Enquirer: 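Questions regarding the structure given below will be posed in turn.
No experiment lies behind these values; they were computed from the predicted model shown. Just follow the structure's listing: the first ligand is 1, and inside any ligand the first atom is 1.
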Amino acid sequence: MPNLVHPRFTQRNAFRPALLAWYSKHGRDLPWRHTRDPYAILVSEFMLQQTQVATVLSYYSEWLRRFPNFDSLAAASESDVLRAWEGLGYYARARNLHTTAKAVVSRGGTFPNSIEQMRQLPGLGRYTANAIATFAFDQPVAVVEANIARVLARLTNLQWPIDSAAGAAKVWQIASQLVPKRDAHAYNSALMDLGALVCVARQPRCPICPVRGFCHAVDPADLPRKRRLPALRLLKEHHSLTIHRGHILLEQSQDRWRGMWILPRLAAAPPRERPLYTSEFPFTHHRITLAVFRKRSVPAMPPAAQSWFPIHSVAILPLPSPHRRAVSYLLAPKAQKLCSTSAAP
Ligand code: SF4
């Protein structure tokens, strides 16, 4: 494997001590850094994929209180798991975590400490398996998430787009060449925190950077290079609100929010009707406008995926955040007067 790391990084072994000295004073105090329990670390890693640390902090402790170990999570219903995850988004992560817990329990309840065996568990890719290996078992393996990729691309002035397969492979290679044989968990945490606090995406704080003497970035603000993103697509989605005798009609999503409850979909906006509620939300490369229309008639026999629920039970059902916000707004007393229908089913 060619050495992508400039000799200065390893010269007199000074790069890592500089980084670790900074980390010991300025590193973030995060709850998942106070444990070596693979379950607690796995939860944090699943939550942190595509979600900011500040948001995860408000969910993490409650999740561990509710599902303290693999056994309790494996025994929970999918509905309870999705409800507890509600607000974190990207619900496939919750389903994968649930499936992983069931797989661990069915294999005797002990989480494996070999990366090879971890990767046989559902939902555990290279990053997550390596993260557990280093943070739970202190194995000397590299981890590369967004912060670390940015730091390493700048330190080495990498000109490959880090979101291309070749660029990502280079970053992993650099990370693997730098990881120390001892205290890899502290080193990996330090690199992450450097990216989160100093080598930030916009306007990196180079003058206060503890490793600026090792940095080869010519134009740090221009790094890391990324491929051009596809243009944001605008989508309109129409849904209905039907309330009857203290019940609300909901539909169980079969696709984007599989297993969660949403307001029933409409193929198109009803002609000449104004929506009761609209909002916008992002979803991958889409910007979606959600419009909710009042349904004037009550279906005698709702389609198979739809069910009536007492309004008071909506709080315990799993609803994706855009639909939770819509339902909360529409069920507020003033809005409810506008929407309620007296038609018989
Ligand atoms: S010197 Fe600047 S670009 Fe280089 S690692 Fe530090 S903060 Fe990042």
Enquirer: Could you tell me which atoms of ligand 1, counted from 1 in the order shown, lie closer than 4.0 angstrom to a heavy atom of R154?
Expert: 3 (S)
Enquirer: Could you label the plane-to-plane angle of the F283 and Y90 rings as parallel, tilted or perpendicular, counting under 30° as parallel and over 60° as perpendicular?
Expert: parallel
Enquirer: Report the distance from atom CD of Q50 to atom OG1 of T55, rounding to the nearest 0.5 Å.
Expert: 13.0 Å
Enquirer: Tell me which protein heavy atom sits closest to atom 3 (S) of ligand 1, plus the residue, atom name and distance to 0.1 Å.
Expert: P220 CB, 3.6 Å
Enquirer: How are the rings of W261 and F309 set to each other: parallel, tilted or perpendicular (split at 30° and 60°)?
Expert: perpendicular
Enquirer: Please evaluate residues L42 and L124 with respect to the criterion side chain to side chain contact (heavy atoms under 4.5 Å, CB included), reporting the C-alpha separation (whole Å), side-chain torsions for both, the decisive distance (0.1 Å), and the verdict.
Expert: CA-CA 9 Å; L42 183 73; L124 264 79; 3.9 Å; yes
Enquirer: So does C199 have any N/O/S atom less than 2.8 Å away from atom 6 (Fe) of ligand 1?
Expert: no
Enquirer: Determine, considering heavy atoms only, which of C215, G195, C206 sits nearest to atom 4 (Fe) of ligand 1.
Expert: C215
Enquirer: Per the side-chain hydrogen bond (donor to acceptor under 3.5 Å, both in side chains) rule, which among Q306, H239, E251 passes with R265?
Expert: E251
Enquirer: For ligand 1, which atoms have a heavy atom of R212 less than 4.0 angstrom away?
Expert: 1 (S)
Enquirer: Which residue holds the protein heavy atom closest to atom 6 (Fe) of ligand 1, what is that atom called, and what is the gap in Å?
Expert: C209 SG, 2.3 Å
